[in-house]
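Both backbone and side-chain heavy atoms feed into the values below; hydrogens, waters and symmetry mates do not. Proteins come first, then strands; the chains are lettered A, B, ... in the order of their sequence lines, and each starts at number 1. Predicted model, so just to flag it, every value in this text is computed and none were measured.
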4 protein chains.
Amino acid sequence: MINATIRLVREVGYAQTTTRAIAQAAGVAEGTLYRHYPDKAGLFVAAITRQSAPITVWARELPARAGSATVADNLIDCLTRLADLRADIVPFELAMLTDPELARPAATARTSEPGPPEFLAQYLHAEQRIGRIRADVDPVKTAVVLLAVLFGLAVPPRRTTEALGGSWPDIADAVHLILDGVGVPVGD
Amino acid sequence: MINATIRLVREVGYAQTTTRAIAQAAGVAEGTLYRHYPDKAGLFVAAITRQSAPITVWARELPARAGSATVADNLIDCLTRLADLRADIVPFELAMLTDPELARPAATARTSEPGPPEFLAQYLHAEQRIGRIRADVDPVKTAVVLLAVLFGLAVPPRRTTEALGGSWPDIADAVHLILDGVGVPVGD
Amino acid sequence: MINATIRLVREVGYAQTTTRAIAQAAGVAEGTLYRHYPDKAGLFVAAITRQSAPITVWARELPARAGSATVADNLIDCLTRLADLRADIVPFELAMLTDPELARPAATARTSEPGPPEFLAQYLHAEQRIGRIRADVDPVKTAVVLLAVLFGLAVPPRRTTEALGGSWPDIADAVHLILDGVGVPVGD
Amino acid sequence: MINATIRLVREVGYAQTTTRAIAQAAGVAEGTLYRHYPDKAGLFVAAITRQSAPITVWARELPARAGSATVADNLIDCLTRLADLRADIVPFELAMLTDPELARPAATARTSEPGPPEFLAQYLHAEQRIGRIRADVDPVKTAVVLLAVLFGLAVPPRRTTEALGGSWPDIADAVHLILDGVGVPVGD
DNA sequence: CATGAATGAGAATTCATTCAT
DNA sequence: GATGAATGAATTCTCATTCAT
C-alpha cells in the first residue's frame, strides 16, 4: 500500500492520489487502507517516513568521511545519493507544502533527532578543521544552501531545458560551482 | 478576482482555495468567475501569469548592469528582488507541481520568450567577458543553480530553524558562497 | 426538504433516513441539502424546531382556559391536540434519545422559554386556585405525569394490542383515570 | 457478549455500539459474534430478551399480592422494581423504535405469553374484586397507563428539571396521583 | 470453534461547474 | 453581464459481515 502510494504520487501527482486509486493500485479494498493507517494523512506520513529513513541512515556516515578522498567527490557522492533517495519523496514534500492538512502530525515532530542538514554541516565543519574548507564560511549555512540547490534542481523545471541551451546542471556541476566559486578571487 | 486568488493561496494554501472562497473574497458571485476564466485552472494560470510579468520585466534590465557596482551586489540585488516578487508565486509553483491539472494549459506555452534564467545567464556571461566572473564556468548552469538556491531557500523548511543553530542563510549568504566558493583554492 | 425528512422518519425510521433518501424524497440533489442546512443534524433540528413551534404556540393558550368548560374537557382537548401535533415529532424525539449526535446543538438550548410542561402546570395551578383541582397535588409533577402518559401512549407498543384485550387506552381514558383516581377514596 | 452489548448501549448509546466495540468490550474477536448470533440484530434481540426475563418473572408474582399491604405500596413496589429492571432496556426499546431493522425478528413473536401489562392488569382486577380499586375503571387500560407513565418518566427529559421548578416526579408521586386522582370528587 | 484481516457497499460531505433568472 | 441556487460526481471514511487460517 505504501509502495502503491509512492508510485501514484510520482506518476499522477498528489492531487490525483485518492484513496480509491491507492486501494486499486495496491490490489486491496478501499476499507483495507483503514485497517493499517488511521486515515489518508496517516498513510502518506507513513510513506514519507519509510522513504526518509534510508536517507538519514546514509547521511549519518557522512561526517566520518572528512579527510578521505576529495571534498568534491564526497559532496558529489553524498548529494547524488541524497538526490536519488529523495526523488520519490520530493512529490510528498511538495504535497506537504501545498496541503497544510498533511503537515500537522507526528512524523516531522522528531525535531530533536539530527537529519541530513546536521550531518552535512558536521561533515563540512570537520573538513574545515583539517583545512579543506575555507575557515571563514559557516558550515550550517553552507549545508543548507547545498540542500537548497539539491531541492531546487530536483523540482522539475516548468520551462523546458531546451530553452536554456540544453545544459541543465547536474549535482556535480553544482558542487563544483559552490566549492570553487564563480567569482574571480580578489587579489589575482 | 486574481488578487483574491493570490491572497487566498498565500493565506490558506492552495488546497483550501475553493472557487467559493475566491468568489467570496473577491466580492462576486461564484458563477461570475466563469465569465472571466474558462475554469478554475484558467483562473490560477492567469494569476500566475500576471504575477510573473513584473519579474520578467525586472530581470530584463539585469544584463545591462554588467560591469557596474560589484558582481555580488548586482546578484544580491537581483535575487532579492526576484525573491520578493516570487514570494506570492511560490505557492502556485508548488501547486502546479502537485496538481498536474494546472500544468497543462497556456502558461507554459510561451517557451519561446526568455525569462529570468536567460537574463541572469546573459548577465553572468557579460560579467565573464569583462573578467569579473571566472572564464571556465558555464553561465547558464550557474544561473540555474542560483535560481535553484533561490527556490530551495524560498520553500519554508519543515525542520525548525532552531534545530540548525538558528542560522538560516539569506540570499546574500548564498551569493557570497557561490561567488567566493567554499573550497580552499588549489595552489594556496 | 423538511417535509421529506419528516415523512421519511415517520415512514422508514430515523436509521433509514439517509441524506440520499431525503434528497430523493424531496426531489433535489443530495448536495442541495447542504445549501440550506449545515449538515444532516442541522436539517433534523430544523425539522424538529418547525414541528415543535405550533405545539408551544397552542399550549400557551391553555392557562387562560382555567375555569371554563370542565377540567376533563380542557385536558382532553389540550392533550389530544398535543398528541396530534407531536405524532410527527415522536420519532425525532426517539432519535434524539438514541443518537447523542443529534442532541448537541442549539434547538433545545432555549431552556429559558417555557414550553408545554410549564403551560400545563400553570393551567393546573389556576384550576387549583378556583377549586377544580385538589389543593394538595403538585401542579408541576401532575403536568409532567400527564405528559409522560402522553409520550408513553404515543410510542407504538411492541406487544400487539390484541394481547391486551384490545383496549388500548386513549387520551380521554388516561385523563379520566388521573382526574378521578382509580383508588377507592378513603372514608367512603 | 450480551453484557458488553448492554453496557455499551447504556454508556455510549445505540448508535455508537458497533460490532467492533462490542467485540472489544467482550474480549472476543469480531468474527466470534457471528458464531453465537446470526447477525447484529440477533445479538441485540438476545440482549433484550435476556434482560426482559427477570422483569416478567417478577411481574408474575404481582397478582398474588392483591389484598396484602396497600394498593399504593404494592404498585409503588412493583413499578419501582420494573423501573430498575428496565433501566438497561429502555435504550434498547428506544433503539427498536428508531431502527425498524431491530423490530422484525423473534423477540416480538412470543405475543402469546403474558407480560407485565397482563400481570399488572390481573393484579388491578383482583384488587377491584375486593373493593380496593374502583369498580368502574378498566384494569387493562389502567395497567397500560401506569406502564406508559413508567416509560414516559424513564426517558430522560430534554428540558432540564430546573426549568420545571426542580420537582421531577418519581414513581411514588405518579402512583399516588393515579390512585387518588387530582380532580375534586363530585359531590364534595 | 475462535480469530481478525479483508471486504465493499454505503454514508455524509465537498466543490467545480451550469443555467434560469 | 452578473447572479447564486442547484447539481451530482467524487471523496474520505465506517462498519456489518465473511472466510482462510
query = Which ranges of DNA chain F pair up as stems, where a stem means three or more consecutive Watson-Crick or G-U pairs with both distances under 3.5 Å?
reply =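 Ordered by first number, the stems with DNA chain F (at least 3 consecutive pairs each) read E:2-21 with F:2-21.
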Would you please name every residue forming a side-chain contact (heavy atoms from CB on, under 4.5 Å) with [X], sequence neighbours left out?
| X | answer |
| --- | --- |
| D:N3 | D:R50 |
| D:A83 | D:L150, D:I171 |
| A:D88 | A:I6, A:R10, A:Q51 |
| C:A25 | C:A4, C:R7, C:L8 |

Just the atom pairs and distances: protein N or O near nucleotides 15-18 of chain E's N or O, under 3.5 Å.
residue : atom : partner : partner atom : Å
E:dA16  : OP1  : B:K40   : NZ           : 3.0
E:dA16  : OP2  : B:T19   : N            : 2.6
E:dA16  : OP2  : B:T19   : OG1          : 2.5
E:dT17  : OP2  : B:Y34   : OH           : 3.0
E:dT17  : OP2  : B:K40   : N            : 2.9
E:dT17  : O4   : B:E30   : OE2          : 3.3

query = Which listed nucleotide (F:dT3, F:dA6, F:dT7) is nearest to the side chain of C:H36?
reply =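 Of the candidates, F:dA6 comes closest.
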message = Determine whether a donor-acceptor pair (N or O, by modelled atom type, separation under 3.5 Å) exists between the side chain of D:T49 and the backbone of D:V45.
response =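 Yes.
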When the distance from [atom1] of [X] to [atom2] of [N] is rounded to whole Å, what number comes out?
| X | N | atom1 | atom2 | value |
| --- | --- | --- | --- | --- |
| A:I22 | F:dT11 | CD1 | C1' | 12 Å |
| D:Q24 | E:dA5 | CD | P | 12 Å |
| A:Y37 | E:dA5 | OH | P | 14 Å |

inquiry  = Listing request: all side-chain hydrogen bond (donor to acceptor under 3.5 Å, both in side chains) pairs with a residue in residues 34-45 of chain C, at least two apart in sequence or in separate chains.
reply    =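 side-chain hydrogen bond (donor to acceptor under 3.5 Å, both in side chains) check on residues 34-45 of chain C returns no pairs.
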query = Tell me the side-chain hydrogen bond (donor to acceptor under 3.5 Å, both in side chains) pairs involving residues 12-27 of chain A, sequence neighbours left out?
reply =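 Applying side-chain hydrogen bond (donor to acceptor under 3.5 Å, both in side chains) to every pair that reaches into residues 12-27 of chain A, excluding sequence neighbours, yields A:Y14-A:D99, A:T19-A:E30.
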ask   = So which one's nearest nucleotide on DNA chain E is more toward 5', A:V28 or D:G27?
value =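 Of the two residues, D:G27 wins.
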message = Tell me every residue that passes side chain to side chain donor-acceptor pair (under 3.5 Å) with A:T5, counting only those two or more places apart in sequence or in another chain.
response =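 Counting only residues at least two positions away or on another chain, A:T5 forms no side chain to side chain donor-acceptor pair (under 3.5 Å).
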